[in-house]
Amino acid sequence: MSEEQRLDRLTSILKRRGFILPSFEIYGGVSGLIDYGPVGARIKRKVTDCWINHWLNQGDIVEIDSPTITPEQVLVASGHVGEFNDLMTECMNCNSTYRADHLVVNIHEEPETINALEMNELLKSELIICSNCQENKWSPVKPMNLMFKTGIGAMKEQRVAYMRPETAQGMFMLFPSLYRHFRQKLPFGAIQIGRGYRNEISPRQGMIRLREFNMAELEYFIDPDNPPSEDLSISNSLINLIPDPESGFDLEYNITFEKAFDIGLIKHPTVASTLMKTWDFLVKIGIDTRKIRFRQHVLNEMAHYASDCWDCEIFGEYGWIECVGIANRTCHDLESHENESGSKSLRAWRSFDEPRVENKTVISPKTSVIGPTFKQEAGLVIAALEAIEVDNDWPKKIELSNGNIVTITSEMIEIREIEATLSGEWFTPHVIEPAFGIDRIIWHLLDHSYDEIERSGESYTIMKLNDRVSPIDAIILPLFEKDGMDVIAMKITNKANSISGVRVEIDTSKSIGRRYARADEIGVPWTITIDHISKEDNTVTIRRRDDQVQIRATIEDMLHNLADKTIENMFLEYQS
RNA sequence: GCGCCUGUGGUGAAGGGGUUAUCACCUGAGGUUUCCAACCUCAUGUCCUGGGUUCAAAUCCCAGCGGGCGCACCA
């Protein structure tokens, strides 16, 4: 079997056996959209369930679910509307396409703020030449919208909206509710699994770059002055870490998370524990530990909201692919939403250890004088007085917010010493976010599990998925579909499926060897065979997929272990 | 978006301006004491879509759609 063709063989088996297929194929298909077939959808369900439990088990994290249709304002505040509407231009000589803001970066301070008309003018500058052909004949710029735009409302006056490019905004929208739910104590987090949408220019590489994809994100809200940390010494795995090349560290490390944090490679304690939990999850579902690495973003690669960022990359047929992004989004999102919406409920309260007593000198307006003097402008006068510095230089002229200048005399005010007791303060929480690309993770899970072996001169395929993520728990096989074996098999199937959390299927067609082969191909870890002896003594054979070892057990024991997910323990004397 | 290559049953391939398009595997029905893709009989095909050239197009040409690679893009 040639290694070069492995990707083709894997892709075709995924299609043939109902894991992953192109969407809308009878209409020609749409690039960047895929279907999970009957086998793939089961695996996806198992992976996402496992992910949800992984985080919920932490105790201070809850699950939420929010709409994919998102009003424009939300995405203006988050920065996506600006970021996702880049202007593109084309070289009229050689047809190369560029982002216009990248071209003018040397002649303009803030390229991202330029509008289309300005940009067309700037591109006429002789300084801007095509790096491909050295000409400077640029087409008029066109916006490249990476978000799917839609409108809320069926008739006129639609409110502009977009399909969400990430699930995270849902968690930020629910911050006030989460804050109450957790009885106003940080840290806490919210997770969400759902679809995200990006209208990619050119989706490529099978299911790696999709236009509609499954994301799983955690927003973990923390007090930046008191960031929670976990005991990193519980993990002694050596982790492949690639620091930012400009950070002054070596190019690559293989060290524990604890060590990486101690030497300052991972700077933030909560980021460090998030990296560790990300690693734990990937290992739990069966990603090959040798094919995981964490790469620190260089400063200018970081997203507009992030202050510290690591990618978790997994190696597969397409090379190293970013599958999880771990970012310290700081207070960016909550603060932006506070500014955009005017909401005051996006903050948390931090009590001081000791109440702070502050003595202040303030200008206290005498409203009994100011009122009759300034009449309807009195309110503006009081507001203006609050903003000026305290001194004893009266009378003085001050400017009101409506532009009028008024004279304030010492009779209108009183200079007073006041004592204020502050028991705490409001602040905007920081957010640590791991964002998992579920489709990319499932791709690599299948890639790492796909095993091609040779058996009696023929190639043989085993999908070595572990119990946690296998599409079904077991397949029930009557050796013959007669003599009562079919009846026993049906009984076992019904009984097993009535156990909560257990899913089995029955397969009666073709020879027993072929049925084993089919089960191996879709990654079923156990096959249960009913033969003539089963009728005599209620025993069946259990076959272990990965080494074809068989044991004999009673139906009762088998069902018991299936329910407890402990079939493996029945093979203890056959350790391979 | 641009350039090059490409599209034939579920999968993998062969062929190719002219009756009914070929093969293997898979799948379905039946048979066979059938424990690792055994065997026997039978069954199952929009040659990606649209337009053009032609007496005749799955085949040649053009466009679209899909796939691969390169450039650009991937906040």
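Fair warning: this is a prediction, and the values are worked out from it, not measured in the lab.
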Would you say the side-chain atoms of [X] pair up with the backbone N or O of [Y], donor to acceptor, closer than 3.5 Å?
X	Y	answer
Arg164(A)	Ser66(A)	yes
Thr70(A)	Thr68(A)	yes
Arg503(A)	Asp473(A)	no
Asp311(A)	Glu322(A)	no
Gln296(A)	Asp244(A)	yes

Point to revise | Side-chain-base donor-acceptor pair under 3.5 Å for Gln550(A) and rC35(B) | key: yes

Check your understanding: Do Tyr516(A) side-chain and rC35(B) base share a donor-acceptor contact under 3.5 Å?
Key -> yes

[atom1] spacing across the pair [N] / [M], given as an integer number of angstrom:
N	M	atom1	answer
rC42(B)	rU54(B)	P	46 Å
rU22(B)	rU59(B)	C1'	15 Å
rC60(B)	rA14(B)	P	15 Å
rC62(B)	rU6(B)	P	12 Å
rG17(B)	rA56(B)	C1'	7 Å
rA72(B)	rG15(B)	C1'	39 Å
rA21(B)	rC48(B)	P	15 Å
rG1(B)	rA63(B)	P	14 Å

Between atom [atom1] in [X] and atom [atom2] in [N], what is the gap in whole Å?
X	N	atom1	atom2	result
Ile542(A)	rC36(B)	CD1	P	18 Å
Asn199(A)	rG1(B)	CG	P	10 Å
Met485(A)	rU33(B)	CE	P	11 Å
Leu7(A)	rG67(B)	CG	P	14 Å
Tyr318(A)	rG70(B)	OH	P	12 Å
Ile26(A)	rG50(B)	CD1	P	14 Å
Gln5(A)	rU11(B)	CD	C1'	15 Å
Ile512(A)	rA37(B)	CD1	C1'	12 Å

What's [X] touching, base or sugar-phosphate or nothing? Going by heavy atoms closer than 4.0 Å.
X	answer
Asp531(A)	base
Glu322(A)	nothing
Thr529(A)	base

Would you say [X] reaches [N]'s phosphate, i.e. side-chain N/O to OP1/OP2 under 4.0 Å?
X	N	result
Ser511(A)	rA38(B)	yes
Arg514(A)	rU27(B)	yes
Ser31(A)	rG67(B)	yes
Ser509(A)	rG28(B)	yes
Arg204(A)	rC73(B)	no
Lys510(A)	rU34(B)	no

Check your understanding: If you check the Gln548(A) side chain, which of rG1(B), rC35(B), rC36(B) turns out closest?
Key -> rC36(B)

Practice item. Measure from the side chain of Val30(A), starting at C-beta and using heavy atoms only, and say which of rU11(B), rG66(B), rU33(B) lies closest. Key: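 Among rU11(B), rG66(B), rU33(B), the one nearest the side chain of Val30(A) is rG66(B).
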
Scan every strand shown for a Watson-Crick or G-U wobble partner of [N], both distances under 3.5 Å, and answer none if you come up empty.
N	result
rU34(B)	none
rG17(B)	none
rG12(B)	rC23(B)
rA58(B)	none
rC47(B)	none
rC65(B)	rG7(B)
rU41(B)	rA29(B)

Revision key, fill the gap. Exactly one of Lys291(A), Arg6(A), Arg9(A) clears salt bridge (charged side-chain N to carboxylate O under 4.0 Å, His left out) with Asp447(A), and that residue is Arg6(A)

Point to revise | Contact nearer the 5' end of RNA chain B, comparing Thr461(A) with Glu25(A) | key: Glu25(A)

Practice item. Specify the residue among Lys482(A) and Arg16(A) whose closest nucleotide of RNA chain B lies further upstream toward the 5′ end. Key: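 Upstream on the strand: Arg16(A).
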
Review point. Going by an N to O cut-off under 4.0 Å, is there a salt bridge joining Glu568(A) and Arg544(A)?
Key: yes

Check your understanding: What residue among Thr48(A), Thr167(A), Asp439(A) forms side-chain hydrogen bond (donor to acceptor under 3.5 Å, both in side chains) with Asn214(A)?
Key ->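 One option only clears the test, and that one is Asp439(A).
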
